[in-house]
Amino acid sequence: VQLQASGGGLVQAGGSLRLSCAASGRTFSSSAMGWFRQAPGKEREFVSCISWSGDVTFYADSVKGRFTISRDNAKNTVYLQMNSLKPEDTAVYYCAASYGLGYRETEYDYWGQGTQVTVSS
């Protein structure tokens, strides 16, 4: 699976962005997908994940209620809708694919290149 993340940018606090992750490869529809982020000087952290069917989702506490993960298997794309953005959401956001649903980086086999999200105060 090859992954291409897009949709990042500069937004003011309180604003919204939608990230997309386009996947190539026949195994996308059977893969769980996750979003992670890495802020400057910090380790990469889990943001959200979604099962292959889209029925099960998990969120980090820091984004719960503000971010929504979804997927369209017909388009081989997973999305991360980010609302009520805060300066602390500033990071490079990565999408990743896994054969199992989880929140650990080590559970993900394929990674996209990352897209920068910057939230100004």
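Any value given below was found using the heavy atoms of this structure, including those in side chains, with hydrogens, waters and symmetry copies removed.
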| Going by heavy atoms in the side chains, are Y94 and L3 under 4.5 Å from each other? | no
| remark: Correct closest heavy-atom pair for G100 and A32 would be O-CB, 3.7 Å
| message | For a 4.5 angstrom cut-off between non-hydrogen side-chain atoms, does Y103 reach Y59? | response | no
| Distance in Å, S48 OG paired with M33 CE, rounded so as to fall on 0.5 Å steps | 11.0 Å
| Any side-chain heavy atom of V117 within less than 4.5 Å of one from R37? | no
| message | Strictly below 4.0 Å, N to O, side chains only: are K64 and D61 in salt-bridge contact? | response | yes
| task | Please confirm whether R71 makes a cation-pi placement over F28, using NZ or CZ under 6.0 Å from the six-membered ring centre and within 45° of the ring normal. | result | yes
| query | Looking only at atom types and distance, does a side-chain atom of T90 sit under 3.5 Å from a main-chain N or O of V119, one as donor and one as acceptor? | reply | yes
| Ring centres of F58 and F46 under 6.0 Å apart? | no
| OG of S121 to CD of Q12: how many Å apart, nearest 0.5 Å? | 9.5 Å
| Cluster link V1 to F36, ILVMFWY, side chain under 4.5 Å | no
| said: Taking S53's backbone N and O only, do any of them form a donor-acceptor pair with N73's side chain (distance below 3.5 Å, no angle check)? | reply: no
| request: Report yes or no: do S6 and Q4 form a side-chain donor-acceptor pair below 3.5 Å? | output: no
| said: Tell me whether E88 at atom CD has more than 12 heavy atoms from other residues, nucleotides or ligands lying less than 6.0 Å away. | reply: yes
| query | How long is the span from the CG atom in D89 to the CG atom in L17, to the nearest 0.5 Å? | reply | 10.0 Å
| Say you draw a straight line from OG of S29 to CG of D72; how long is it, rounded to the nearest 0.5 Å? | 11.5 Å
| request: Could you check Y108 against C49 for side-chain contact (heavy atoms from CB on, under 4.5 Å), going step by step and ending with a plain yes or no? | output: CA-CA 11 Å; Y108 289 80; C49 62; 3.3 Å; yes
| field | Residue pair S20 / Y79, side-chain heavy-atom distance below 4.5 Å | value | yes
| Smallest separation among heavy atoms of A39 and A91, with atom names | N-CB, 3.7 Å
| query | Should M82 and V63 count as side-chain neighbours, where that means a heavy-atom distance under 4.5 Å? | reply | no
| task | First locate atom CD of E105, then atom CD of E43, and finally report the distance between them rounded to the nearest 0.5 Å. | result | 8.0 Å
| query | Quick check: does any side chain N or O of S98 sit under 3.5 Å from a backbone N or O of E107, one acting as donor and the other as acceptor? | reply | yes
| note | Heavy-atom closest pair (L101 atom, S51 atom, distance to 0.1 Å) is CD1-N, 3.7 Å
| said: Which heavy atom of T77 sits nearest to which heavy atom of K75, and what is that distance? | reply: OG1-O, 2.8 Å
| query | Just wondering, do W35 and F67 contact through their side chains at under 4.5 Å, heavy atoms? | reply | no
